[in-house]
Protein chains: 2
Amino acid sequence: MELDQRKLKILSAITETYIRTGEPVGSKLLSFYPDIRVSPATIRNDMAVLFEKGLLEQPHTSAGRIPSHLGYRVYIDELMRCSPLNAEERSQIDALFNIKYPDPDRLLADAAKALADYTGCATISTSIVQENVKVRKVEIVEAGTRTMVILLMASNGVIRNKVCHVDFAVTPEIIAFFHKFANGWLAGKSISQISSAYIGSVAVALGEYSRIFTPVLGAIFELCREVNEGSYYVNGFTNLLSYPELREGAHELFTFLENREQVTRMLSLTQQHTTVIVGRENPNQELTSASVVVSRYDIGRDVGSGIIALVGPVRLNYAKLIPHLEYFAQTMGKLLSETVEQDPQDESGLSAEYGLR
Amino acid sequence: MELDQRKLKILSAITETYIRTGEPVGSKLLSFYPDIRVSPATIRNDMAVLFEKGLLEQPHTSAGRIPSHLGYRVYIDELMRCSPLNAEERSQIDALFNIKYPDPDRLLADAAKALADYTGCATISTSIVQENVKVRKVEIVEAGTRTMVILLMASNGVIRNKVCHVDFAVTPEIIAFFHKFANGWLAGKSISQISSAYIGSVAVALGEYSRIFTPVLGAIFELCREVNEGSYYVNGFTNLLSYPELREGAHELFTFLENREQVTRMLSLTQQHTTVIVGRENPNQELTSASVVVSRYDIGRDVGSGIIALVGPVRLNYAKLIPHLEYFAQTMGKLLSETVEQDPQDESGLSAEYGLR
DNA sequence: TGTTAGCACTCAGGAACAATGAGTGCTAAA
DNA sequence: TTTAGCACTCATTGTTCCTGAGTGCTAACA
């Protein structure tokens, strides 16, 4: 990009003004900007060059200029100045996590929802489950004469429960028996390996009891599947409707965002710490009039990570939102690694406690 | 309403045709209907009368007629024939609940989501918490050296858990101590009475231990609040965007639906088993171009109940959707009352077990 | 060689007007 | 009470004209 300083300044000014006002920017308006201070005619010459290079667009002949999606790209990569958050902004983000005693499983969903309203965007939040996550232990709690609660605790700190209705009277003895049995077969086992077939073999080992414990094993299998799948939330659909440029294709956009597979495929393309996908850069047609800002958070080594993304109009205040999102992701990672107890890496204790396997 | 048979037939035909096609219905088209069989001129005379009575509207002079919101009301109350569901339809609804081992807490959310996609509407689903719901018991499970899971079981069968991070090493002794203590103060206690102040007095009773148990008591308090609040879900926003007549005010409509208080106030006006609120009948401006079909489900006496509502355009296939919704609500109630174990009405057993209070 | 003033040009948006046709309201006859 | 006939209405579509913001180009200027 062999462009002189002034042309870059003009591209930057057009982009920022358009982001702010939503109106095409004309040469006369730019001539008043203190950093530019040349006549409208000169600016027009420069704009013609920027247009040639594909950095600017013109809604129609007699309108001002707006940045093309490539223009946004140059602005984001080379021109914009992201200032680090000031104390007030940091505390505003911190407040989004303002849950007194955070439950790690709910923190992601709740904070992402708050972030959506804070930014006026939609948010996508996912947790990525490591390959090597294991079952730490299974706990069973009596919850009624014929009801039990199954708790599955995984080595990445995720804890999930499920209520399970059974056909027999739940007694402490039965619970103790099944607790020991289930942990013997499951504790320390890699979660991704707990298939329907494996549960079947566990059922076989239960022998004559297998029939009555079927719902319990089923519940455990479902819990493993849920933990292994990680989480996927989209929040703030309503916010997107406040942008006229997104209303037209809102139905297609929303349908796309609700499809976890499609979105995951799209997000998996972004490998850097923070990535911006501007409008038509996105291979998915549904998103050509939207921008996506993607950031990762990490929860300590080998424990897990996740993705937080903002979805908004192309005309997005990148310079402000990128540092906000990064600080949010960083805080999320920090809070989760504090809350989620790291696996002590020795399942030996438990394996010993439960004997076999 | 002193209207002869033919006029009612015309109103009914206009309503059903308009629901099907979305186009204003003209006199010529109606003259071909086998039940009517009079000339367009006659139909026009009748339409003029129906218009006088406020049952029909005309988008403009040279267009056909569409039902007014009052016209829909008459159609719904007096004209439409709801046929009971056939076997196939019933099994389609049953399939929406197709969760092998349903967790009562998730059944409502999951099935309502499925219902939204089945009907092409948005759904609102709430559970209504009875006044007299009590804490059945609190269970504590070790989930790491400094992490515990708190389980709250309520007399209405609701079971909720929360992960809680503490500042001390979690040992079986501490768990046993706190378990006994907490149940002594909470088991059998009415959930709505567990205020922040009450938790404060529990903390005082803990004496020197109160400081370290603060997060645990906090978690218990939050759990009580959550159980007492019941649940509120809205699903299928995206579906609503497929109706052009709702796109205009979609932002306001969505914002309204996300506001639990407002929606609850609106739904609380409906006291019958199934109620329809047609467009402008709704006092809330955001909903004047939408219709709401509300149905209740019940989970056995004194255990609980809830509301399932469909939100869609005014031009809704009421004759089909009302029986579907009713069957859905009925099935939901049946499934929940099977799954949720009814309170045996004697907390005496537990009170005895935990001594005091 | 880069910058600027001047001016003709372009085109979206809005207003004004006419043509078209679907569907009506009214009247008089059956 | 029903119907045929006919004049009438008005949304829609297309055309034309006007206005003004903003441009592109040219020639003069520094």
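As the structure is a prediction and not an experimental result, all values here were calculated from the model. Protein chains get the first letters and strands the later ones, always in sequence-line order, with residue 1 at the start of each.
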Angle between the end axes of the helix from C:dT1-D:dA30 to C:dA30-D:dT1, five pairs per end, to the nearest 10 degrees?
20°

Toward the 5' end of DNA chain D, by each residue's nearest nucleotide, A:G64 or A:A41
A:G64

Nearest 0.5 angstrom please: B:L287 CG to B:R280 CZ, how far?
13.0 Å

Flag, side chain of [X] to backbone of [Y], donor-acceptor distance under 3.5 Å:
X      : Y      : value
A:N239 : A:A116 : yes
B:R73  : B:V276 : yes
A:N86  : A:E88  : yes

Can you tell which of [options] lies closest to the side chain of [X]?
X     : options                : value
B:H60 : D:dG24, D:dC10, D:dT3  : D:dC10
B:R6  : C:dT4, D:dT2, D:dT23   : D:dT2
B:S62 : C:dA22, D:dT23, C:dT10 : C:dA22
A:R44 : D:dA4, C:dT3, C:dC7    : C:dC7

With distance as the sole criterion, is a donor-acceptor pair present between the side chains of B:T15 and B:S12 under 3.5 Å?
no

note: A:I66, atom CD1; D:dT23, atom P; distance rounded to Å ~ 13 Å

Just call it for B:R65: base, sugar-phosphate, or nothing, with non-hydrogen atoms closer than 4.0 Å on any strand.
sugar-phosphate

Taking atom types as they are modelled, would you say the side chain of A:T61 forms a donor-acceptor pair with the base of C:dC11 within the 3.5 Å cutoff?
no

